[in-house]
Amino acid sequence: MEIEIVPINESELKSKEVLKQPDSLGFGNYFTNRMFVVKWNEGKGWHDAKIKKYEDFQMDPATLVLHYGQEIFEGLKAFRSKNGEILLFRPKENIKRMNRSAERMSMPQMDEKDMLDAIIKLVELEKDWVPKEKGASLYIRPTMIATEIGLGVRPSSEYLFYLILSPSGPYFKEGFKPISLLATDKYVRAVPGGVGEAKTGGNYAASLKAKKLAKDYGCKEVLWLDAYNKKFIEEVGAMNIAFVINDVVTTPRLDGSILHGITRKSVLQLSKKLGLKVSEREISIHEIFEGAQNGIVTECFGLGTAASIAPVKEIKYLHYTDKGEQLKSVKFGDEPGEIAKLLYGELQAIQYGEKEPPFEDWIVKI
Ligand SMILES: *Cc1c(COP(=O)(O)O)cnc(C)c1O
């Protein structure tokens with residue numbers, strides 16, 4: 001794929017002053033000077049690949065994506081090592097997953113090599129935006145949207161794929177701090193046969209109401225239960241979830257409605273390398289409540305690109321019965337658990353180039 005590099009005026013370049021205060025970067029608040037764009041239509045396939053100035057799109061108000069949500073995205077990070085190298089963590093996994101999301105959402109496939117090439121070229125041009133501090137990184141957001149104009153419900157005949165970059169601060173401002181989650185049977189995230197495995201915008205729009213409920217109960221995120229039994233733990237909505245049960249790192253089995261997280265997959269592989277036992281199976285909310293009370297379930301942590309590993313200190317369970325609502329809670333302690341700390345340290349060391357990755361292809365150097 002030929003990528004045209006459209007020059008931008010020196011005078012239009014944004015200041016990198018924000019990078020001096022990595023703690024105040026937050027997540028997804030700042031964007032670099034350039035973006036990658038490529039178009040698709042039925043006749044030409046992918047064409048007109050460009051790296052150009054980061055700027056607004058012009059869109060007809062009847063553009064399909066704005067009405068029926070035919071949209072997918074990805075999220076990965078570029079890290080800066082101590083000696084200044086820029087490292088991508090398992091980018092090919094994100095590319096493969098984006099193609100799986102595209103398939104589910106009736107959108108076109110991309111060539112894996114072309115997409116990796118586009119990511120590398122854009123990050124290379126914007127490498128000064130990769131923060132230097134450990135914990136901070138350059139977040140990469142591949143996105144694809146349906147751009148045909150019309151109000152008939154159908155797969156679009158035209159698409160736009162783009163990449164934008166956002167320097168982001170450490171996920172935990174106050175350090176590696178445990179969060180609390182709310183499990184409830186009031187709302188569900190995904191159903192068997194639905195789009196829970198696809199990284200598509202509608203899943204997140206549909207989760208906002210439940211997130212508000214979690215906030216009302218003093219929790220940071222929702223711990224989703226399966227839609228059918230409203231009992232088996234699925235994931236957190238932007239993170240997968242794991243428990244330490246009888247010293248085994250245990251995570252819900254990918255059941256068709258759980259997103260296939262790359263952090264989840266990596267932590268399972270890493271745990272095995274470190275000599276820990278792992279298990280992927282059904283885990284009911286009741287097993288966790290009983291097990292935590294009996295001292296069998298000792299840790300809980302979220303797994304996702306944003307936080308890498310997010311220890312959980314408490315799960316609240318809001319259960320609706322004929323007699324009204326019931327609220328229960330179970331605690332894992334205010335400090336991160338030993339296994340969460342171990343895995344977090346190992347993963348960070350690999351991502352920041354301090355340790356050799358356990359598998360060669362985990363790190364792509366730019
Ligand atoms: C992105 C995402 C995750 C985490 O996936 P990673 O590849 O580890 O970042 C988990 N659940 C949902 C719903 C997600 O969108």
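Quantities reported herein were computed from a predicted structural model and do not represent experimental measurements. Atoms within each ligand, like the ligands themselves, are counted from 1 in listed order. Quick note: numbers below take in every heavy atom, side chains included, and nothing from hydrogens, waters or symmetry partners.
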**Asked** Any nitrogen or oxygen of Asn94, main chain or side chain, under 3.5 Å from a nitrogen or oxygen of ligand 1?
**Response** no
**Prompt:** Heavy-atom distance to atom 3 (C) of ligand 1: which of Ala190, Ala238, Gly261, Gly304 wins?
**Reply:** Ala238
**Message:** Contact between ligand 1 and Glu93 is defined here as a heavy atom of the residue under 4.0 Å from a ligand atom; is it met?
**Reply:** no
**Prompt:** With a cut-off of 4.0 Å, which atoms of ligand 1 are near a heavy atom of Glu235?
**Reply:** 10 (C), 11 (N), 12 (C), 13 (C)
**Prompt:** Short question: side chain of Ser24, backbone of Gln21 - any donor-acceptor pair under 3.5 Å?
**Reply:** yes
**Prompt:** For ligand 1, which atoms, with element, lie under 4.0 Å from some heavy atom of Arg97?
**Reply:** 5 (O), 6 (P), 7 (O)
**Message:** Do Glu325 and His319 have side chains that approach each other closer than 4.5 Å (heavy atoms only, starting at C-beta)?
**Reply:** no
**Asked** Once the angle between the rings of Tyr352 and Phe79 is folded into 0 to 90°, is it parallel (under 30°), tilted (30 to 60°) or perpendicular (over 60°)?
**Response** perpendicular
**Message:** For a 4.5 angstrom cut-off between non-hydrogen side-chain atoms, does Asn94 reach Pro142?
**Reply:** no
**Prompt:** To which protein heavy atom is atom 15 (O) of ligand 1 closest, and what is the distance rounded to 0.1 Å?
**Reply:** Tyr204 OH, 2.2 Å
**Prompt:** Tell me, which protein residue and heavy-atom name are nearest atom 9 (O) of ligand 1, and how many Å apart are they?
**Reply:** Thr305 OG1, 2.6 Å
**Message:** Counting non-hydrogen protein atoms only, what is the nearest one to atom 2 (C) of ligand 1? Give residue, atom name and distance.
**Reply:** Lys199 NZ, 2.5 Å
**Prompt:** When only distance counts, is Arg264 in polar contact with ligand 1, meaning an N/O pair under 3.5 Å?
**Reply:** no
**Message:** So for ligand 1, is Asn240 a polar contact partner (N or O within less than 3.5 Å, distance only)?
**Reply:** no
**Item:** Tyr159 six-ring face occupied by Lys39 cation (under 6.0 Å, within 45°)
**Value:** no
**Item:** Glu148 side chain reached by Arg154 side chain, heavy atoms, under 4.5 Å
**Value:** yes
**Closest approach of any protein heavy atom to atom 8 (O) of ligand 1, naming residue and atom** = Thr263 OG1, 2.6 Å
**Asked** Is the Lys NZ or Arg CZ of Lys14 less than 6.0 Å from the centre of Phe31's six-membered ring, within 45° of the axis?
**Response** no
**Prompt:** Do ligand 1 and His260 have nitrogen or oxygen atoms that lie under 3.5 Å from each other?
**Reply:** no
**Asked** Under the 3.5 angstrom rule, does the side chain of Asp117 hit a backbone N or O of Lys113 as a donor-acceptor pair?
**Response** no
**Prompt:** What protein heavy atom sits nearest atom 13 (C) of ligand 1, and how far away is it?
**Reply:** Gly237 O, 2.8 Å
**Fill in**
Between the CD atom in Glu287 and the CG atom in Asn294, the distance rounded to the nearest 0.5 Å is 11.0 Å
**Request:** Answer yes or no: is there a side-chain heavy-atom contact under 4.5 Å between Tyr30 and Ser168?
**Result:** no
**Item:** Check: Arg189 N/O within less than 3.5 Å of ligand 1 N/O
**Value:** no
**Request:** Record the part of Leu259 in heavy-atom contact with ligand 1 below 4.0 Å; permitted values are side chain, backbone, both and neither.
**Result:** side chain
**Item:** Within-cut-off N or O pair, Ile262 and ligand 1, under 3.5 Å
**Value:** yes
